[in-house]
Amino acid sequence: MASPTPPHCSIASTKPYQPPQPQRVPVNSSSSSSSRNAPPRNPSLPSLGPDFRGKRSTRFVSKMHFNRPRPAVHGGGGGGGASAGFNRAARHTSAAEEALQHVIRGRDDDEGGLERLLSGFERRLSGSEDYLFILRELGNRGELSKALRCFEFAVRRERGVTEKGKLASAAISVLGRLGRADLARRVFEAARTHGYGNTVYAFSALISAYGRSGMSEEAIAVFEEMKGAARLRPNLVTYNAVIDACGKGGVGFDRAVEMFEEMTRDGVRPDRITFNSLLAVCSREGFWEDARRMFDEMVSRGIDRDIFTYNTLLDAVCKGGQVDLALEVMSEMSERNVWPNVVTYSTVIDGYAKAGRLEEALSLFNEMKQLGIRLDRVSYNTLISIYSRLGRFEEALGVVSEMEGSGIKKDIVTYNALLGGYGKQGRYDAIKYLFEDLKAESITPNLLTYSTLIDVYAKGGLYKEAMDIFKEFKEAGLKADVVLYSALIDALCKNGLVESAVALLDEMTREGIQPNVVTYNTIIDAFGKSATFQFQTDGSNVADGSRVIDEVDKEEVRDKEETNQVMKIFGRLVIEKGQPSVEDVKRQSQELLSILGLFHKMHELEIKPNVVTFSAILNACSRCNSFEDASTLLEELRLFDNQVYGVAHGLLMGSREKTWVQAQALFDEVKRMDSATASAFYNALTDMLWHFGQRRGAQQVVLEGKRRQVWENVWCDSCLDLHLMSSGAAQAMVHAWLLEIRSIIFEGHELPKLMSILTGWGKHSKVAGDSTLRRSIAALLEGMGAPFHVAKFNLGRFVSPGSVVTAWLRGSGTLNVLILRDDRTISEREFDPRQDMCALFPS
DNA sequence: GTAGGGTTAG
């Protein structure tokens, strides 16, 4: 039975389960007078649709820049000229700077030391400005406990309520910057109890503190409390803080816009920082077009754009995958005398790196160096990460030395980048060394370190190691997040334990950790892969395995239930590694039910699918044993996205002519993706068609992909490079290439001496060394009687002399072998895409 | 009260 067709049928339209979205751009929303220069409003702003426009990153508070020194507000150095008295710009005395130096040198654990020190300076220090200076500087240096003690000392000796209030706001702000919203709250409460905390400043500082910790709900609650119980009127800074908090906490664009509208109603005029924060919200959500409109709105309102504006806009543009546009923005800012700085460059460089354009990223580094912009901690780490990802470890380590030479010590980000790089290359020796080294340097591994290691070990099949790391992670008292769980789930999936993966998904949900689209995509993509492995419920015949089980049992007594679940599942994985399966078919139908349940959960939780979801569903179809199962999965695809469904279903049913217009529109959308994402989609679609006998259709898709440069440099007269293609895509491509070569011959040209077909040997495969592609191409060539054979010393290369290929292609039966046909073709007039396909295809 | 880096799916 066909379910009702949703009203919207284009890929850019709102998906069935999505609530209608309110207006997305705050401009023009309340009055028309302010919009005289505003760009014409586009009534069809891009929806928040899941598909190709939605952000691909799932991070909200991806980064918390705690402990980062704020830019100096007072000019010149802080060198306390002994006779200077007041530092005019800074409003603090030189005595304060002297005291600060002493406090910094003092030991952290010296009970009462700081208080004695400040007492000694007390007569020379001049009022709260000096204490504020010391407090803020301690904050800038990350001296949390000293800052707190300084605050307590100062607030005790201060008598004026206003002065005490200033100190409290500063302390709240400092604690917020250090990522301690909890302590900020305590200072805030104490200040209110003692009658000096009921100020707009204290409230604004606390809102900001929550914002920095990504706790936007708390920030909003404080904002409401301020207006309500505290009867205070938010000012510009308050509104800016709460808008910024909305963005940092990931409550989303709409909430930030609501705050903006409230601000306007309240008669508070937004300023540059308001817009900068709104831009940051766009950037985090990947709404680069909205960011651009916001930027234009600043222009029309006559609000200056500063380096923050440009850098945030650049970040939005890069996160939206428009790196080429980023370069335009960079030259525009220079024209307006806003000079790119180290943040500008690292933003754009990272954009290029994320788009896979690593060489261009590296050349931007050179440009930056030539401009005399010094690298800082972030840009060094970005550079190290790029070299690591490229596997260019010598250069990566060279940059590490350069960084240390310039006085910046390796931090956990440096190590994580290196661990990830070595991990991708399977360099477990280096990983082990690095992990010991970072501890020897007294650097504490964090959640990202553990996630990386677990992922690396699990992908490499080193389950014992993965388990040990997980144990250490639990012992460190860290809380798992969606990424770590997704890595664990992926490990299970990659080993065919889809049911266990689903169990772990439930487990994480019970733990209060929300799965995201990546988690779901992981499992969907694994559908049907379990055929290669099997559970062995009785592990007693595996000596090493029973030891692991014992360990797991001991854990059971003393550790939490959650840990146990994970350890149990992984314990089994250690034992069962690589047991071949017997009951594929039965398992698959069970799995199908699990996956269907998964789709329903996705709808329930309103998790937006993206293009990877679509590829995963298509890949799952390719692994279906029956056409019915595939059609069930495609039905789920239809509920997600009618356009993708329309194309996949149309081509599958053999309606090439009618479907092709729609397909072109779809491919235009896919073209906006980075090359890896785009090629994965083409690969998935082609594989599905190939698998179900639509070989001419598969070839049409593959040739379209080639035309659109989805796979770089696929073929020339002497060589066909298939190494980025899936098995179905590659096979369709072989046929197309040979036909092309054949026409060259029949035009009377001679072939090159040696003809090659490259498949690679599995280097690009997720499972190192897995050469499914090579095997399927070998079988294809043999099946069609093509004279290619495996090259000496290179397993991933098939070769044949040009003359031999010529002779074969001239053979009478060859053309017939080369031409592909579809199993199903439909008279285009009969074809109704909405009709249930099972009715059209009796199995 | 505002900007950039490290982890998960293909």
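Throughout, protein chains are lettered first and strands after them, A, B, ... in sequence-line order, and every chain is numbered starting at 1.
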Using distance only, find each side-chain donor-acceptor pair of residues 416-426 of chain A under 3.5 Å and give its atom names and separation, not counting sequence neighbours.
| from | atom 1 | to | atom 2 | distance (Å) |
| --- | --- | --- | --- | --- |
| A/N416 | OD1 | A/T449 | OG1 | 2.8 |
| A/N416 | ND2 | A/I412 | O | 3.4 |
| A/N416 | ND2 | A/N446 | OD1 | 3.4 |

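Using a 4.0 Å heavy-atom criterion, one finds that A/T522 contacts the sugar-phosphate atoms exclusively. Within 4.0 Å (heavy atoms only), A/L314 reaches no atom of the nucleic acid at all. Within the 4.0 angstrom heavy-atom criterion, no nucleotide atom of any strand lies near A/L313. Among the protein residues, A/V348 comes within range of no part of the nucleic acid, since none of its heavy atoms lies under 4.0 Å from any strand. When heavy atoms are screened at a 4.0 angstrom cut-off, A/T312 is found touching the sugar-phosphate backbone but no base atom. When heavy atoms are screened at a 4.0 angstrom cut-off, A/K424 is found touching the sugar-phosphate backbone but no base atom. Heavy atoms of A/S615 sit nowhere under 4.0 angstrom from any nucleic acid atom. Using a 4.0 Å heavy-atom cutoff across all strands shown, A/N683 reaches no nucleic acid atom at all.
Taking the six-membered ring for Trp, A/F599 and A/F640 have ring centres closer than 6.0 Å. Ring-centre distance between A/F203 and A/F188: below the 6.0 Å cut-off.
At whole-Å resolution of the value, CG in A/N521 and P in B/dG10 are 9 Å apart. In this structure, the CG atom of A/L504 is 15 Å from the P atom of B/dA9, given to the nearest Å. If you take CG of A/L438 and P of B/dT7, they are 16 Å apart, rounded to a whole angstrom. Between A/F473 atom CZ and B/dT7 atom C1' the separation is 12 Å, expressed in whole Å. Separating the CD1 atom of A/I373 from the P atom of B/dG4 is a distance of 17 Å, rounded to the nearest angstrom. To the nearest angstrom, P of B/dG4 lies 11 Å from CG of A/N276. Following rounding to the nearest Å, A/D350 (CG) and B/dG6 (C1') show an atom-to-atom distance of 10 Å. In this entry the distance linking CD1 of A/I454 with P of B/dT8 reads 13 Å, nearest Å.
Side-chain proximity of A/D481 to the nucleotides B/dT7, B/dA9, B/dG6 is greatest for B/dT7. Side-chain proximity of A/S346 to B/dG6, B/dT2, B/dG4: nearest is B/dG4. Residue A/D244 places its side chain closer to B/dT2 than to any other of B/dA3, B/dT2, B/dG6. Distances from the side chain of A/S379 to the nucleotides B/dA9, B/dG6, B/dG4 place B/dG4 closest. Of the candidate nucleotides B/dT7, B/dA3, B/dA9, B/dA3 has the atom nearest to the side chain of A/F308. Considering only the side chain of A/D455, B/dT8 comes nearest among B/dG10, B/dG6, B/dT8. Checking B/dG4, B/dA3, B/dG10 against every side-chain atom of A/V378, the shortest atom distance belongs to B/dG4. In this structure, of B/dG6, B/dA9, B/dA3, it is B/dA9 that holds the atom nearest to the side chain of A/V518.
Taking only side-chain nitrogens and oxygens, A/R212 comes nearer than 4.0 Å to OP1 or OP2 of B/dT2. Between A/K494 and B/dT8 there is no side-chain N or O to OP1 or OP2 distance below 4.0 Å. Phosphate proximity of B/dT7 to A/K459: absent, as no side-chain N or O sits under 4.0 Å from OP1 or OP2.
Residue side chain A/T677 reaches the base of B/dG10 through a donor-acceptor N/O pair under 3.5 Å, judged by distance alone. Applying the 3.5 Å distance criterion, the base of B/dA9 shares a donor-acceptor pair with the side chain of A/N610. Not a single donor-acceptor pair, N or O on each side, falls under 3.5 Å between the base of B/dG4 and the side chain of A/T347. For A/T452 against B/dT7, a side-chain-to-base donor-acceptor contact under 3.5 Å is absent. A donor-acceptor contact under 3.5 angstrom links the side-chain atoms of A/D376 to the base of B/dG4. Side-chain atoms of A/N341 come within donor-acceptor range of the base of B/dA3, with a qualifying N/O pair under 3.5 Å. For a distance-only test at 3.5 Å, the side chain of A/S486 qualifies as a donor-acceptor partner of the base of B/dT8.
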Show your working on side-chain contact (heavy atoms from CB on, under 4.5 Å) between A/D315 and A/L279 and close with a plain yes or no.
CA-CA 9 Å; A/D315 195 40; A/L279 276 172; over 6 Å; no
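Using a 4.0 Å cut-off between a side-chain N of Lys or Arg and a carboxylate O of Asp or Glu, A/K409 and A/E404 do not qualify as a salt bridge.
A donor and an acceptor atom, one from each side chain of A/T452 and A/D455, are nowhere located under 3.5 Å apart.
Side chain of A/R623 to backbone of A/F527: a donor-acceptor contact under 3.5 angstrom is found.
Applying the side-chain contact (heavy atoms from CB on, under 4.5 Å) criterion to A/A476, with sequence neighbours excluded, gives A/Y450, A/L478.
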